[in-house]
Structures are given as C-alpha cells and as structure tokens.
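Worksheet: the structure to be examined is printed underneath.
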Amino acid sequence: MSEQRQDQATEARPLTLELDDNRLVGRLYGEHNRHLARIEQRLGVTLSTRGNVIAIGGTPALQQTTRAVLTGLYRRLKGGQEIDDSAVDGALRMAEGARPAEGEQLDFDIPDLVLRGRRRVVTPRSPNQAHYMRCLAGHDLVFGLGPAGTGKTYLAVAVAVAMLLEGRVERIVLSRPAVEAGERLGFLPGDMREKIDPYLRPLYDALHDMLPADQVQKRIERGEIEIAPLAFMRGRTLSNAFVIADEAQNTTPMQMKMLLTRMGEGSRTVVTGDPSQIDLPTSQRSGLVEAVELLAGVPGIAFVRFTAADVVRHPLVARVIEAYAERGDAAKPGT
C-alpha cells in the first residue's frame, strides 16, 4: 500500500491511499461500501473511491486516523484474515485510542498480538485489550476487571490455548464459582457434572472458538484442558498450567486466597470479574474486591481495568452499561 499527500498546506485537500492488490479492494470496502460508510459515520470524514484509490477528506488529524484504520484492515486482508463489521469497529477503537506524538504517523499494526488458533485468528480490538494481552504474555498473575463483553475471559482463553499449542504450558485449567450465589447445586437435576456444566458454558464456548470440538474433547480426556468449579481447586498445586478463574467477583475471600495459593512452578493465573456485578449475599464480602485491595502495588502482578469503551459485543451493550453506570442502579446486565 502506498500513500500520497496532495497538499498538506491546504486542509481541504484529501489524503489518498492506493491499494496494491485489486483482489482485496471489494472486501475492504464491504458490500455496497458498508465498511467505508461505517468509518465515515464514526470518524466524521468523507471517503470517495476510484477503483483501488481512496480519497480521505477531513482535518489532518482525522485523515491520519482514517488512514490508520484502513491500513490496519488492509493488512489483515493481506495476511489472510477476513474483516466484518466487528473488525471495523475494533480497528476504529484501536485508532481512536492511540495517542501519537506531534508529527508522528499513527500506526497500530501489532503483529506480536495476533493469536492463531485452530479455528480463528484473535487480535485486540481496543488499546486496553492490547495492553491486557501483553500483560497476559508477560506476567504470572493478571487481574482483568470490568464489565461484560470486554473480552476479559475470551482473550485469556485465547492466550492460554496459544501457549498450550506452542508447548509453553502443559495444561489449561478453567474455573469459576459453580453458581452465582452460594453454590447451591442440590436443587438442579442430574449428576454433579450436569449440575455445574451450565455455569461453565461460557468457558466451553471460548474454547470451541479456538479449537475444533473434537480437539477440545480429546484434550479434556487427556487432562490437557480441565474445566471445573472453583471449589475443586482446594488442596491442589497447579504447575506448568495456565489457570483462568472467571466470574471471580462471586468468590469469597477464602476461595480467592485458596485459588491464588495454588500457583506452582511454571504456572500463570488470570483472575477475571466485574466488581459491579457481585451476586453474593449482601453480608458476604467479595474475594475479588478484597484481593485487588490487598495486592495493589505488589510487584509482578498486573491489573487491567476495562470500561464500556472496550465492549466488543453489539454497540448497544456499551450504551446499556454506561446508562446503568450513570444512574448508579444496582441492576446488573447479564454476562
């Protein structure tokens, strides 16, 4: 891809991008130019095309941001990836969150953060997600805190699967409180596995996005992947494992301490949760909240805090989260 500024002195002059692979042009533009329209609406620029040339109209700062979005999406296509509306939204978040120095060209190409699973390619869709992925790769204990839909658990599972496939860990252990409030399983039908599976389903879903279903099952049977309620972690030492504790806001202080002291040699632990969605009895303190307070400032531990700006579900999800936050309502949107 090449670019040419036609006249930097005149703000009204467009910035042009020329794409060097005509086979990818239609996929970049989207059906009926829907991807370009999405970028125009979000950034307030104008985009006009003639074949493989895009002219970007707007202020110099907006032109630079738009160039970065289009360049990032085009690189994905050249790398064999597909793009859809969510990929366009992710590229927009990445570009809007970047803060280049004066005169520095905006560029958010981050090949070190591309995870290639057996079924899909995972990349960060916001600057905070990129920070989170780097923390997951570089720290033995990471807390991912924030609302639903921000990728806290999904990205942790993606990094865990990538490390398992690379042989950097021997197994993955996925855990969460068996039920949202009090772990009352007795009233549910079925054996213990059937009772707990509904609460672990989000973890299975993330695994199946990264690995074929038969591979997930085989690795579970071989013990390379273990999915269990948090209570089953007691008394164990987890070595050479990637441990993910999901929905940790619903752990008790005792459960959280138990989890954090399971770390063995060569292991990594990721704790994810939303402190605003605690489902424990009002008299019970959250183990996640207590851990964040106690461990703040401890060397070697990373804390990543997500906001509604990092939500990668339907755009309305972010607005719902913001509306509840502004009102300070105790109601909790589902995770």
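Atoms considered below: every heavy atom in the structure, side chains included; atoms not considered: hydrogens, waters and symmetry mates. Given the structure is predicted, the values throughout are model-derived calculations rather than measurements.
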So, the side chain of Arg262 versus the backbone of Ser239: is there a donor-acceptor pair under 3.5 Å, distance only?
no

Indicate the atoms forming the closest heavy-atom contact of Leu260 with Leu295, along with that distance.
CD1-CD1, 3.8 Å

Side-chain (Glu170) to main-chain (Asn240) donor-acceptor, under 3.5 angstrom:
no

Measure across Pro253 and Glu290 and return the closest heavy-atom pair with its distance rounded to 0.1 Å.
CB-OE2, 3.2 Å

Looking only at heavy atoms, what is the nearest atom pair of His35 and Leu28, with distance?
ND1-O, 3.2 Å

Would you say the side chain of Leu141 lies within less than 4.5 Å of the side chain of Val270, judging by non-hydrogen atoms?
no

Are there over 12 heavy-atom neighbours, none belonging to Arg222, within less than 6.0 Å of that residue's CZ?
yes

Just verifying a value: how many Å separate Asp279 CG and Gln284 CD, rounded to the nearest 0.5 Å?
13.0 Å

Give a yes or no on whether Glu293 atom CD has more than 12 heavy-atom contacts from other residues, nucleotides or ligands under 6.0 Å away.
yes

Would you say Glu31 has more than 12 foreign heavy atoms packed within less than 6.0 Å of its CD?
no

So that I can tick it off, tell me whether Arg50 and Glu18 are bridged by a salt bridge, with the cut-off set at under 4.0 angstrom between side-chain N and carboxylate O.
no

Minimum heavy-atom distance between Pro147 and Ala308, given as atom pair plus value
CG-N, 4.1 Å

Working for side chain to side chain contact (heavy atoms under 4.5 Å, CB included), residues Val173 and Met233
CA-CA 10 Å; Val173 179; Met233 298 296 104; 3.8 Å; yes

Using the side chain to side chain contact (heavy atoms under 4.5 Å, CB included) rule, take Leu164 and Ile225 through it: C-alpha gap first, then chi angles, then the decisive distance, then the call.
CA-CA 9 Å; Leu164 180 67; Ile225 298 176; 4.3 Å; yes

Any heavy-atom pair between the side chains of Arg27 and Arg76 that's under 4.5 Å?
no

So, do Thr269 and Asp140 sit near enough that their side-chain heavy atoms are less than 4.5 Å apart?
no

Scanning both residues in full, the closest heavy-atom pair of Asn250 with Leu280 reads O-CD2, 3.4 Å

Can any side-chain N or O of Asp310 pair as donor or acceptor with the backbone N or O of Thr307 at less than 3.5 Å?
yes

For Met263, does its backbone N or O pair with a side-chain atom of Ser267 as donor and acceptor, under 3.5 Å?
no

Calculate, to the nearest 0.5 Å, the distance between atoms CD and OG1 belonging to Gln64 and Thr71 respectively.
10.5 Å

Using side-chain heavy atoms (C-beta onward) and a distance below 4.5 Å, is Pro14 in contact with Ile56?
no

Given side chains that start at C-beta, do those of Tyr204 and Asp209 come closer than 4.5 Å, heavy atoms only?
no

With side chain to side chain contact (heavy atoms under 4.5 Å, CB included) as the criterion, how do Leu70 and Leu36 come out once you've worked through the C-alpha distance, each side chain's angles and the decisive distance to 0.1 Å?
CA-CA 9 Å; Leu70 292 168; Leu36 299 185; 3.9 Å; yes

Do Leu259 and Thr251 come within less than 4.5 Å of each other through their side chains, counting heavy atoms only?
no

Thr49 side chain vs Ile54 backbone, donor-acceptor pair below 3.5 Å
no

Between Asp20 and Tyr74, do the side chains contain an N or O donor and an N or O acceptor separated by less than 3.5 Å?
yes

N/O donor-acceptor pair under 3.5 Å between Gln129 side chain and Thr150 backbone:
yes

Quick one: does Lys152's side chain have a donor or acceptor within less than 3.5 Å of a partner on Asp274's backbone?
no

Using 0.5 Å steps for rounding, measure from the CG atom of Leu174 to the CZ atom of Phe242.
9.5 Å

If you count heavy atoms of other groups shown closer than 6.0 angstrom to CZ of Arg34, is the number above 12?
no

Check for a donor-acceptor pair, side chain of Arg125 on one end and backbone N or O of Asp89 on the other, with a separation under 3.5 Å.
no

Is there side-chain contact between Ile227 and Leu207, with at least one heavy-atom pair below 4.5 Å?
yes

Working note: Gln215 + Gln217, criterion side chain to side chain donor-acceptor pair (under 3.5 Å); need CA distance, chi angles, decisive distance, verdict.
CA-CA 5 Å; Gln215 285 292 314; Gln217 187 57 39; over 6 Å; no

So does Ala302 get a backbone contact from the side chain of His139, meaning a donor-acceptor N/O pair under 3.5 Å?
no

Go through the steps to decide whether Val53 and Leu17 satisfy the test side chain to side chain contact (heavy atoms under 4.5 Å, CB included), and finish with yes or no.
CA-CA 6 Å; Val53 177; Leu17 299 179; over 6 Å; no

How about Ser126 and Asn128: does a side-chain donor come under 3.5 Å of a side-chain acceptor?
no

Mind listing the closest non-hydrogen atom pair of Met258 and Leu230 along with its distance?
CE-O, 3.5 Å

Ring geometry between Phe306 and Tyr132 (parallel below 30°, tilted from 30 to 60°, perpendicular above 60°)
perpendicular

Look up atom CD1 in Ile172 and atom CE in Met210, then write down how far apart they are to the nearest 0.5 Å.
9.0 Å

Between CD1 of Ile244 and CG of Leu155, what distance do you get to the nearest 0.5 Å?
10.0 Å

Measure the spacing between OG1 of Thr153 and CG of Asp205 and express it to the nearest 0.5 Å.
11.5 Å

Is there a side-chain contact between Val142 and Phe303 (heavy atoms, below 4.5 Å)?
no

Is the backbone N or O of Thr252 less than 3.5 Å from a side-chain atom of Gln255, with the two atoms forming a donor-acceptor pair by type?
yes

Taking a hydrophobic cluster as the set of Ile, Leu, Val, Met, Phe, Trp and Tyr residues connected by side-chain heavy atoms closer than 4.5 Å, whether directly or through intermediates, do Val292 and Met254 fall within one such cluster?
no

